[in-house]
Amino acid sequence: MRADQVEVLWDDKKNKWMIRIQAGDEVIQRPSDLPKDANEQALRAAAGTTLQDEGYEAEVERVAVRR
């Protein structure tokens with residue numbers, strides 16, 4: 001299964017990175033315990049792991065990181 005859009009966003013309310021996966025109308029959000037100053041490579045790797053855990057193809061080059 002392939003996700004239409006994958007984003008990693010900082011959630012100020014929760015003080016955590018949120019990995020947002022959208023496939024059609026379905027949206028899945030999962031928190032990450034990476035620190036706020038995590039580099040882009042670590043954030044993409046966390047998104048890739050989350051994608052695999054949720055049953056999606058891990059295409060980390062398509063992950064958008066929004067700081």
Listed by chain and number, what are the side chain to side chain contact (heavy atoms under 4.5 Å, CB included) partners of E7, not counting sequence neighbours?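 E7: side chain to side chain contact (heavy atoms under 4.5 Å, CB included) contacts with Q5, L9, R20, A64, R66.
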Can you give me the closest heavy-atom contact between [X] and [Y], atom names plus distance?
X   : Y   : value
S32 : K16 : O-CB, 3.8 Å
G48 : V60 : CA-CG1, 3.6 Å
K13 : D11 : N-OD1, 2.9 Å
A42 : L34 : O-CD1, 3.6 Å
V27 : Q22 : CG2-CG, 4.0 Å
A38 : L43 : O-CD1, 3.9 Å

What distance do W10 atom CH2 and M18 atom CE have between them, rounded to the nearest 0.5 Å? 11.0 Å
Working to the nearest 0.5 Å, report the span between CH2 of W17 and CG of D33.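 Spacing of CH2 (W17) from CG (D33) equals 13.5 Å.
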Give the intermediate values and the outcome of side chain to side chain contact (heavy atoms under 4.5 Å, CB included) for residues E57 and L51. CA-CA 7 Å; E57 292 178 23; L51 281 164; over 6 Å; no
Applying side chain to side chain donor-acceptor pair (under 3.5 Å) to Q29 and not counting sequence neighbours gives none
Verdict with reasoning, M1 to E54, per side chain to side chain contact (heavy atoms under 4.5 Å, CB included): CA-CA 10 Å; M1 195 168 24; E54 296 294 332; over 6 Å; no
Flag if over 12 foreign heavy atoms under 6.0 Å of CD, Q41: no
Which residue is it: T49, V65, V6? I am looking for the one with a side chain to side chain contact (heavy atoms under 4.5 Å, CB included) to R44.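 Option passing the side chain to side chain contact (heavy atoms under 4.5 Å, CB included) with R44: V65.
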